[in-house]
Amino acid sequence: MKKEQIKFYSGNIAAAEGAIAAGCRFFAGYPITPSSEIAEHMARRLPQVGGVFIQMEDELASMAAILGASWGGAKAMTATSGPGFSLMQENIGLGAMTETPCVVINVQRAGPSTGMPTLVGQADVMQARWGSHGDYEIIALSPSSPQECFDLTIKAFNLAEEYRVPVVVLMDESVAHMFEKVVIPPENKIKIVNRKKPDVPPEKYLPFKPEGYVPPMACAGEGYNVHVTGLTHDEKGYPQATDPEVQERLVRRLCDKIRKNERKMRDIDEYEMDDADVALVSFGISGRSSKAAVKEARRRGYKVGLIRLRTIWPFPDEYFEKIAGDIKKFIVVEINYGQIKLEVERNVGKEKVILLPKFGGEIHKPHEIYEKIKEVYNGD
Amino acid sequence: MEIEAKSHPFDKYLRADRIPHIWCPGCGLGTALNCFLQALEETEIDLKNLAVVSGIGCAGRVAGYINVDSYHTTHGRAIPFATGLKLANPKLKVVVFSGDGDLFAIGGNHFIHAARRNIDMTVICVNNYNYGMTGGQLGPTTPLEARTTTAPYGNIEHPFNLCHVAAASGAVYVARWTTLHVRRLKESMKEALNKKGFSFVEVIAPCPTAFGRRNREPSGLDTLRYYKEHSVIKHGIDPSEADIEIGGDIIVGKFVDIEKHTFNEAVEELIKKARK
Ligand SMILES: Cc1ncc(C[n+]2csc(CCOP(=O)(O)OP(=O)(O)O)c2C)c(N)n1
Ligand code: SF4
Ligand SMILES: [Mg+2]
């Protein structure tokens with residue numbers, strides 16, 4: 001669209017529209033609550049923009065198909081929820097190993113297992129990071145509103161293309177199903193990143209030799225005869241599955257391309273942090289309850305602030321290390337029994353961190369968080 | 001007599017820098033690959049647009065030896081990966097080359113659904129009746145009573161008849177040959193490559209190392225001899241009549257060759273409709 005548009009979208013629809021705006025032209029998925037509206041919307045919208053939608057036979061297939069589509073040259077995405085996300089893990093690992101740009105939306109519901117299919121959860125944080133076997137790093141973003149579902153899905157595609165890695169959009173059921181105003185910027189105002197292509201002829205091209213950390217990518221049919229394997233491979237892309245040195249070089253790079261670029265991917269919404277001595281740490285829907293609690297606490301004179309993580313992985317270690325000295329207590333608000341809490345503890349020390357968990361099926365009520373804030377101050 | 005050659009006639013198709021390959025002496029995989037390259041040679045396919053996808057297994061290593069865009073994916077997932085590849089770039093000729101376990105045990109669900117959708121791809125399955133790569137365990141095509149490392153008393157599971165599965169799932173082209181039938185196998189591969197839609201070629205192949213030696217065929221040659229004595233060509237028969245039994249005849253031939261609207265064609269029409 002040439003002009004800015006105002007829409008009234010659910011988080012799921014906004015994410016699907018964000019994907020299309022980012023250039024996504026291939027979607028493969030398998031229906032699962034609370035993510036199905038994304039597939040349904042893509043089924044309707046993709047053909048209109050010349051893209052392909054396919055409903056696969058399961059999530060193993062969906063994940064494999066988007067990797068294939070990405071090597072076919074398309075920007076590709078799938079969307080799922082916990083059980084499906086579990087099934088995708090092996091091929092998320094293949095995506096990380098073969099440096100395949102793609103986006104996986106996981107609309108979190110309460111688990112483990114089938115759990116509470118229609119109700120909110122935020123307990124796939126650790127799975128998003130290391131759900132597949134082996135050492136690797138990926139990127140995960142977490143939106144708190146339909147607007148952010150739109151914006152962060154675009155960002156997810158851009159990061160996937162720039163770093164050649166699967167990017168997870170870690171939504172939650174509440175954000176996915178809430179309807180709100182979404183501002184769609186004019187097309188020319190949306191930043192789009194495309195994977196870098198090789199600029200050397202095929203005989204000179206080493207498909208897994210990085211420029212910086214990331215190798216340029218030649219897709220199928222471009223004449224580069226690339227071999228792509230999930231086995232440990234050298235810069236030519238050839239398997240070297242018994243050479244620990246090749247393994248070290250590859251795995252170190254796969255991890256470092258994310259770790260060493262953490263600051264560039266950092267995306268934190270700080271609220272009332274300037275003079276804060278207590279900080280809430282939260283994300284997704286919990287970030288919104290937290291914000292309401294901070295407002296209330298500020299009104300009553302508590303110097304509390306909020307650190308809302310929009311980029312969850314890579315975790316902003318450096319940021320937390322830096323502010324650790326100024327903050328007396330961190331209250332981690334999340335709908336799980338302590339996952340982001342572990343990351344905060346790792347950076348600021350256990351004694352400073354308090355967990356305010358929910359176990360799934362409901363969100364934090366702002367007054368519950370406010371009570372916790374009061375308790376922390378009074379116990380000081 | 002000394003035989004010396006600086007190059008192989010098919011070097012242009014191969015990643016010569018990856019040879020020698022990992023396959024055992026007497027293995028049928030080299031023959032299957034050779035037939036495939038001959039078939040390619042006789043088609044008009046532009047190598048630039050050829051993509052070969054494999055899963056995991058000895059057969060799964062084929063992708064790594066062919067000098068085209070080639071993808072060695074995860075165990076069982078070659079077909080859905082290939083589906084994405086073909087749908088994202090319809091210009092590609094997509095070939096899946098993999099094993100019986102990869103395509104019909106862990107990946108069986110994908111096989112039947114890709115055939116049902118009539119996704120435009122050629123699937124070549126090298127059926128050696130077992131899991132060669134992992135040391136000879138039973139698989140979905142192990143004949144009843146055959147011995148494997150996980151069926152030490154003889155297999156008690158009924159095997160799949162792959163051509164029957166393919167035909168029943170909707171494949172538009174279905175053929176079976178052994179690695180003894182190199183000329184006919186090549187012809188079928190060529191027909192499959194030239195076919196629009198989901199084509200399937202089963203290659204019955206010796207695996208002396210992991211299967212043959214536990215089943216009275218210690219060398220690849222013993223297995224080829226068995227093929228010679230027991231293969232019966234029956235073109236056009238209902239593949240449900242082509243079950244494979246230990247000690248029995250192996251029915252080979254072209255069983256299915258039909259026309260059907262492909263998924264890619266349907267997608268193109270859908271896009272036209274949606275864009276109106
Ligand atoms: C998810 C997963 N499970 C198990 C394996 C181990 N594995 C590797 S190859 C293989 C069997 C391959 O059999 P087949 O497809 O018949 O190929 P062959 O080696 O006989 O050619 C197995 C079980 C794996 N790589 N991945
Ligand atoms: S184990 Fe069997 S299938 Fe694998 S290379 Fe050896 S003979 Fe071939
Ligand atoms: Mg096998």
Side-chain angles (χ1 to χ4, degrees), chain A residues 25-28 43-76 78 90-91 93-95 97-98 100 102 202 207 218-231 233 236-239 241, chain B residues 15 17-18 22 46-56 60-61 63-94 106-107 109-110 112-114 116-117 119 263-264 267 269-276:
Chain A
R25 291 297 177 269
F26 183 86
F27 182 98
R44 199 164 59 78
R45 286 283 283 126
L46 271 178
Q48 295 172 354
V49 295
V52 179
F53 168 89
I54 183 168
Q55 182 171 316
M56 296 302 285
E57 51 276 13
D58 57 33
E59 290 86 349
L60 300 121
S62 306
M63 190 61 216
I66 68 166
L67 296 181
S70 183
W71 281 102
K75 290 190 182 177
T78 185
E90 190 192 8
N91 286 302
L94 180 65
M97 187 63 147
T98 56
T100 308
C102 60
C219 294
E222 293 176 355
Y224 283 84
N225 295 349
V226 177
H227 182 57
V228 176
T229 177
L231 287 167
H233 46 272
K236 235 176 165 174
Y238 287 2
Chain B
R15 297 183 189 276
D17 50 349
R18 291 216 58 218
I22 63 159
D46 178 2
L47 288 187
K48 189 174 164 226
N49 287 327
L50 176 67
V52 177
V53 185
S54 288
I56 302 291
R61 292 302 186 97
Y65 297 125
I66 306 183
N67 193 20
V68 298
D69 290 311
S70 52
Y71 302 91
H72 181 221
T73 61
T74 43
H75 194 24
R77 316 304 161 205
I79 287 179
F81 187 100
T83 299
L85 203 55
K86 177 69 188 174
L87 294 178
N89 184 354
K91 280 207 313 267
L92 297 173
K93 177 79 217 174
V94 177
I106 193 165
N109 200 28
H110 310 312
I112 59 175
H113 288 285
R116 171 179 68 80
R117 296 184 185 110
I119 306 269
F263 190 86
N264 272 88
V267 165
E269 289 159 14
L270 180 73
I271 289 174
K272 276 201 197 109
K273 196 155 98 190
R275 281 189 144 165
K276 253 190 214 142

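Within every chain, numbering begins at 1; the chains are lettered A, B, ... in the order of the sequence lines, protein sequences first and strands thereafter. Atoms considered below: every heavy atom in the structure, side chains included; atoms not considered: hydrogens, waters and symmetry mates.
Contact annotation for A:Ala61: both backbone and side-chain heavy atoms come within less than 4.5 Å of a heavy atom of chain B. Both the backbone and the side chain of B:Leu87 have a heavy atom closer than 4.5 Å to some heavy atom of chain A. Residue B:Arg116 does not touch chain A at all, counting heavy-atom pairs closer than 4.5 Å. With a threshold of 4.5 angstrom between heavy atoms, B:Ile106 does not approach chain A through any atom at all.
When B:Val267, B:Asn109, B:Leu270, B:Leu92 are compared by the number of non-hydrogen pairs under 4.5 Å with chain A, B:Asn109 comes out ahead. Contacts with chain B were tallied for A:Ile66, A:Ile54, A:Leu67; A:Ile54 has the most, counting heavy-atom pairs under 4.5 Å. Among the candidates A:Ala64, A:Gly68, A:Gly50, the residue making the largest number of heavy-atom pairs closer than 4.5 Å to chain B is A:Gly68. When each of B:Asn49, B:Thr83, B:Val68 is scored by its heavy-atom pairs under 4.5 Å with chain A, the top score falls to B:Val68. Note on B:Ser54, B:Ser70, B:Ala51: by heavy-atom pairs under 4.5 Å with chain A, the leading option is B:Ser70. Among B:Ile56, B:Asp17, B:Ile66, the residue making the largest number of heavy-atom pairs under 4.5 Å with chain A is B:Asp17. The candidate from A:Gly93, A:Gly73, A:Ala220, A:Ala74 with the greatest count of non-hydrogen atom pairs under 4.5 Å with chain B is A:Ala220. The choice from B:Arg117, B:Lys93, B:His113, B:Lys86 that makes the most heavy-atom pairs within less than 4.5 Å of chain A is B:Arg117.
A:Arg25 meets the salt bridge (Lys or Arg N to Asp or Glu O under 4.0 Å) test with no other residue; sequence neighbours excluded.
The CE atom of A:Met97 lies 12.5 Å from the OG1 atom of B:Thr74; values are rounded to the nearest 0.5 Å. Atoms NE2 and OG1, from B:His72 and A:Thr98 in turn, are 12.0 Å apart once rounded to the nearest 0.5 Å. Distance check, rounded to the nearest 0.5 Å: CG of B:Asp69 to CH2 of A:Trp71 gives 9.0 Å. Rounding to the nearest 0.5 angstrom, the gap separating the CD atom in A:Glu57 from the CD1 atom in B:Ile79 is 9.0 Å. Rounding to the nearest 0.5 angstrom, the gap separating the CZ atom in B:Arg77 from the CG atom in A:Asn91 is 7.0 Å. Between B:Leu47 atom CG and A:Asn225 atom CG the span is 7.5 Å, to the nearest 0.5 Å.
Nearest heavy-atom pair across B:Pro80 and A:Met56 is CB-CE, 3.9 Å. Nearest heavy-atom pair across B:Gly64 and A:His227 is CA-CE1, 3.3 Å. Taking all atoms of both residues into account, the shortest heavy-atom contact from B:Tyr71 to A:Cys219 is OH-C, 4.3 Å.
Using a distance-only test at 3.5 Å, with no hydrogens or angles considered, a donor-acceptor pair links the side chain of B:Arg275 to the main chain of A:Val49.
By the 4.5 Å heavy-atom criterion applied to side chains, B:Asn89 and A:Glu222 are not counted as neighbours.
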